[in-house]
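Have a look at the structure below, then the notes.
Order of listing sets the numbers, starting from 1, for every ligand and every atom in it.
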Amino acid sequence: AKTVYHDFVIQETKVTRLCKTENVMTVNGQLPGPTLEVNNGDSLVITVVNRAKENVTIHWHGVRQITTAWADGPEFITQCPIRPGASYTYRFKISGQEGTLWWHAHNSWVRATVYGALVIRPKEGTSYPFAKPKRDSVVILGEWWNANPLAVIREAMRTGGAPNVSDAYTINGQPGDLYNCSTKETVIVPIDSGETNLIRVINAALNQQLFFSIANHKLTVVGADASYVKPFTTNVLMLGPGQTTDVLIKADQPPARYYIAARAYASAQGAPFDNTTTTAILEYKTAPCPAKGSSSKPVMPTLPAFNDTATATAFTSSFRSPNKVLVPTDIDENLFFTAGLGINPCPPNAPSSTCQAPNRTRFTASMNNVSFALPSNFSILQAHHHSVPGVFTTDFPGKPPVAFDYTGNVPRSLWTPIRGTKVYKLKYGSKVQIVLQGTNIQTAENHPIHLHGYDFYILAEGFGNFNPATDTSKFNLVDPPLRNTASLPVKGWTVIRFVADNPGVWIMHCHLDVHIGWGLAMVFIVDNGIGELETLQQPPADLPVC
Ligand code: C2O
């Protein structure tokens, strides 16, 4: 195994998309940022130097960070932000994960333009569990605003309303030729007739789940979130922000150009969303060149309708582990977390300009009726490690304060969560089950729920209220998939299990970024496991302080 070194210089960069130039934060002037390529078992040392005017932190999304919680990255959870002019070196190891992950900024909406792929090839001396693909391409889906993304979210937090929707989705940073001024830069993914490509699809969009398809080509899914899966074939993928899906495609069609396309799966009924389509081009190397001046477009795939929940759910429930797995049983912590939106009434003398959600309210979001508030003067990990009082409380509830019909007509009295920095403590080594229950408060919506520091098994998902009497029998205890982000279905539930064998402070949140700002998050503290093999390392000397 080797150690891979990178320098990430965070800087303001002029970027032009859709004929508009914005000054946005980038890594090394690139959008997307650099692709990191490693083998399972390698170590990474990445020095982040902040030459921009705003804070930054970097999160290595899906990397387990075993004993290295200090390198996880979410601001005020495992570190204070890297201030302008400061730097921090992230050191961590890839152990046991193969496939595709990614990295992104984890403060405010900086990740709109600060993100990139993390490609993890098989451990040296081992091979893929499928025939080695001829080529290996990254397709990273993003979202672009004709504005500074930080200004967009700041405006929304000021007004209490919803942020402006994006102006384009992107593939490898480019909107593609269905948008104005974007034809020349449309991304080309090359393939040779007869060959098989591995395509690593990553949803790095801020606020949108996306359908993905390639015209006339079947997609054979072989991995997700850096775990292999039992291969299955589909025409369309659905990825929530945070999720990755590795697919094999075989060039078995007439040599030509085929669109690779993505557009919204918008599960929130009635809420505005960006209804545009991003494209790249799958180009057979032997395809005849399009005649000069011809407007012949590549073949376009059929993408599902924006509200096609049946297709989205059929896809997310198709995943299996390749073999039988050891699912944790004899559960020590049986948790039930609601996840959903809500609204807060405005204080009586607040100006109307700050209460722009319907009927003089402000949007909010919560888990178990707690709207998560980030600390501002310490990270929770630092406070926990040094026993600093007053930064957080340990009373995050393991169940909702009152049981109600979560997906029915929710009474107004349940729409107002309390705000707090509440954590839930897990004993090292405990076996945890969480029923994630979506709610119908304000707007029901899918929530891509991401847990830091762990992969978890997804045992089952369904619609309506989770019913232990009947739904437990649906649990897959044989070969459930291992993921780091679960698509909690709209007005539905998902059940996950994991063993709390990684000491540290780990945030679990909805990966729709606007929902994080509104509080759809909570934090686990897993104790240091004194006496166990896996003990949290000491904080690095250059760890940013607040
Ligand atoms: Cu991909 Cu908490 O993040």
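Within His509, NE2 is the N, O or S atom that lies nearest to atom 2 (Cu) of ligand 1. Its N, O or S atom nearest to atom 1 (Cu) of ligand 1 is what matters here, and for His61 that atom is ND1. In terms of distance to atom 1 (Cu) of ligand 1, the nearest N, O or S atom of His511 is named NE2.
Look at Glu12 and Lys53 and you find a salt bridge, because one of the NZ, NE, NH1 or NH2 atoms lies within 4.0 Å of a carboxylate O, short of that distance. The existence of a salt bridge linking Arg121 and Asp136 is confirmed by a sub-4.0 Å separation between a basic side-chain nitrogen and an acidic carboxylate oxygen. Using a 4.0 Å cut-off between charged nitrogen and carboxylate oxygen, Asp42 and Lys93 do not count as a salt-bridge pair.
Geometry about atom 2 (Cu) of ligand 1 gives an angle of 110° between NE2 of His452 and NE2 of His106, rounded in steps of 10 degrees.
At least one N, O or S atom of His104, from either the backbone or the side chain, sits less than 2.8 Å from atom 1 (Cu) of ligand 1.
With Phe319 as the aromatic partner, Arg483 meets the cation-pi criteria of under 6.0 angstrom to the ring centre and within 45 degrees of the ring axis.
Contact between Trp102 and Gly242 at its shortest, heavy atoms only, is NE1-O, 3.2 Å.
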